[in-house]
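Just the heavy atoms: all of them, side chains too, but no hydrogens, waters or symmetry mates, feed the values below. Both ligands and their constituent atoms are indexed starting at 1 by order of listing. Not measured: the values here are computed from a predicted model.
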Amino acid sequence: MNIILFGQPGAGKGTQAKNLWKKFGIPHIATGDLLREAMNEGTSLGQEVAPYLEAGRLVPDALVSGLVMERLNSEDCHAGFILDGYPRTLPQVEALETALKEKGKKVDKVVFIEVPLEILLQRVESRGRADDNLETVKRRRIDYKNLTEPVKKDYATRNLLATVDGLGTTEEVFGRILASLPQNS
Ligand code: ADP
């Protein structure tokens, strides 16, 4: 099962990815985590992406796509994967499609976890991550609207998008996610 989790910061993607991992045993690949890890390790990629992360700006497509494709080649992605935070732009959608096609794979479902804006803002505020200040939150919102909304539309057009209500307990939300996934895959 190849799943893309979609939703704004604070929508609960990380929690639900963990639930999916427990249920299906497929790895959770969060591009934000991969990028922060590279930055903390001080690799050359990490040094290259640091200014973007600190400013809350999107990392150039080629860099993030390279990182994701490398990860998808790992043995543990054989039976499937949960992508979180990727693809976030149309060129990233294209890069993913091409890479999966080469492997004879496809995206099974794109799950959009929908949470009202005022709740998202409260959740992000209480998270307190270093790049969660007001300026970067605003910046990320602009990018989301301009670059990521079209990604959502594209998957909707291809009937791959499921919109799930992100309010309620984590168990309730997880139940809705499971119900939205294709059966027998
Ligand atoms: P959030 O959902 O709060 O934006 P993430 O952990 O998903 O947090 O991402 C943190 C940062 O990592 C982003 O602000 C951006 O700089 C970078 N990033 C993550 N995923 C991508 C991506 N697919 N394309 C470009 N940049 C990305």
Side-chain angles (χ1 to χ4, degrees), residues 2-18 20-21 27-73 77 81-100 107 110-155 160-161 164 166 170 173:
N2 303 326
I3 304 168
I4 295 174
L5 277 186
F6 212 86
Q8 301 212 45
K13 287 172 293 175
T15 308
Q16 298 305 337
K18 196 180 270 177
L20 287 165
W21 167 72
H28 171 209
I29 304 168
T31 43
D33 292 346
L34 289 180
L35 291 166
R36 276 187 292 271
E37 207 177 295
M39 194 170 88
N40 293 337
E41 283 170 1
T43 62
S44 64
L45 176 84
Q47 289 174 21
E48 215 171 330
V49 301
Y52 295 96
L53 282 142
E54 279 154 14
R57 302 191 80 94
L58 289 180
V59 168
D61 289 330
L63 294 179
V64 66
S65 289
L67 196 65
V68 170
M69 297 327 153
E70 197 179 300
R71 182 69 186 81
L72 289 181
N73 280 333
C77 293
F81 52 80
I82 306 150
L83 275 175
D84 167 356
Y86 185 93
R88 239 162 157 119
T89 65
L90 288 175
Q92 292 179 17
V93 173
E94 193 71 36
L96 179 65
E97 292 298 310
T98 306
L100 291 180
V107 170
V110 179
V111 180
F112 174 57
I113 309 177
E114 190 171 42
V115 175
L117 183 64
E118 61 274 22
I119 309 278
L120 286 173
L121 291 176
Q122 280 169 18
R123 288 187 187 173
V124 170
E125 207 174 1
S126 62
R127 186 165 74 171
R129 208 171 65 194
D131 63 347
D132 276 346
N133 62 66
L134 199 61
E135 271 312 301
T136 60
V137 167
K138 264 196 219 153
R139 174 77 245 162
R140 290 206 297 253
R141 274 191 189 289
I142 295 170
D143 287 337
Y144 184 86
K145 201 151 180 36
N146 294 336
L147 301 168
T148 310
E149 277 286 346
V151 171
K152 199 175 130 202
K153 284 210 185 85
D154 180 57
Y155 284 120
L160 284 172
L161 187 77
V164 162
T170 57
V173 177

Asker: Please check whether V59 reaches ligand 1 - meaning an N/O of the residue sits under 3.5 Å from an N/O of the ligand, judged on distance alone.
Answerer: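 Yes - when backbone and side-chain N and O of V59 are compared with those of ligand 1, one distance drops under 3.5 Å.
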Asker: Tell me, please, which residues at least two apart from T31 pass side-chain hydrogen bond (donor to acceptor under 3.5 Å, both in side chains).
Answerer: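 Result, side-chain hydrogen bond (donor to acceptor under 3.5 Å, both in side chains) vs T31: none returned.
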Asker: Quick one: does G85 get an N or O within less than 3.5 Å of an N or O on ligand 1?
Answerer: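 By distance alone, the answer is yes.
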Asker: May I ask you to identify the nearest protein heavy atom to atom 14 (O) of ligand 1, giving residue, atom name and distance to one decimal place in Å?
Answerer: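 The closest one turns out to be R140 CD, 3.4 Å.
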Asker: Taking N or O atoms only and a 3.5 Å limit, does Y86 qualify as a polar contact for ligand 1?
Answerer: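 No: no nitrogen or oxygen of Y86 is under 3.5 Å from one in ligand 1.
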Asker: Out of Q92, R88, R141, R139, who gets a non-hydrogen atom closest to atom 7 (O) of ligand 1?
Answerer: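 Checking each option, the heavy atom nearest atom 7 (O) of ligand 1 is found in R88.
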Asker: Kindly compute the distance separating CG (L35) from CG (L63), expressed to the nearest 0.5 Å.
Answerer: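 If I round to the nearest 0.5 Å, the distance is 8.5 Å.
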Asker: Do any N or O atoms from the side chain of T148 and from the backbone of R88 form a donor-acceptor pair under 3.5 angstrom?
Answerer: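 At least one qualifying donor-acceptor pair exists.
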Asker: Of all the atoms in ligand 1, which lie at a distance below 4.0 Å from a heavy atom belonging to R36?
Answerer: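 Answer, ordered by atom number: 6 (O), 10 (C).
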Asker: Is any side-chain heavy atom of V115 closer than 4.5 Å to one of R123?
Answerer: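 A side-chain contact exists here, since the closest heavy-atom pair is under 4.5 Å.
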Asker: Under 3.5 Å, side chain of K13 to main-chain N/O of G7, donor-acceptor pair present?
Answerer: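 Pair found, side chain donor or acceptor close to backbone of G7.
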Asker: Counting only heavy atoms, which portion of R127 has something under 4.0 Å from ligand 1: side chain, backbone, both, or neither?
Answerer: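 Answer for R127: side chain.
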Asker: Is R36 paired with D33 through a side-chain N to carboxylate O contact shorter than 4.0 Å?
Answerer: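 Judged by the 4.0 Å cut-off on N to carboxylate O distance, D33 and R36 do form a salt bridge.
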Asker: Going from CG on L96 to CD1 on I4, what distance comes out if it is rounded to the nearest 0.5 angstrom?
Answerer: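 Reported value, rounded in 0.5 Å steps: 5.5 Å.
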Asker: I need the atoms of ligand 1 closer than 4.0 Å to a non-hydrogen atom of L35, numbered in the order shown.
Answerer: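 With L35 as reference, the close atoms of ligand 1 come out as 12 (O), 17 (C), 18 (N), 19 (C), 27 (C).
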Asker: So which heavy atom in the protein is nearest atom 8 (O) of ligand 1, and how far is it from that ligand atom?
Answerer: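 Ranked first by proximity to atom 8 (O) of ligand 1 is R129 NH2, 3.2 Å.
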Asker: Evaluate the criterion side-chain hydrogen bond (donor to acceptor under 3.5 Å, both in side chains) for residue pair Q8 and R141; output intermediate values, then yes/no.
Answerer: CA-CA 8 Å; Q8 301 212 45; R141 274 191 189 289; 3.0 Å; yes
Asker: Please tell me if the side chains of L53 and M39 come closer than 4.5 Å, counting only heavy atoms from C-beta onward.
Answerer: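 Side chain of L53 against side chain of M39, heavy atoms only: contact under 4.5 Å found.
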Asker: Could you tell me whether Q8 approaches ligand 1 through its side chain, its backbone, both or neither, with non-hydrogen atoms closer than 4.0 Å?
Answerer: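 Contact part for Q8 vs ligand 1: neither.
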Asker: I need the atoms of ligand 1 closer than 4.0 Å to a non-hydrogen atom of T31, numbered in the order shown.
Answerer: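 Heavy-atom distances to T31 below 4.0 Å select 19 (C), 20 (N), 21 (C), 23 (N).
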Asker: Note the single closest protein heavy atom to atom 12 (O) of ligand 1, along with its residue, its atom name and the distance in Å.
Answerer: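 The protein heavy atom lying closest is L53 CD2, 3.2 Å.
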Asker: Which ligand 1 atoms does R57 reach within 4.0 Å, using its non-hydrogen atoms?
Answerer: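 Answer for ligand 1: 15 (C), 16 (O).
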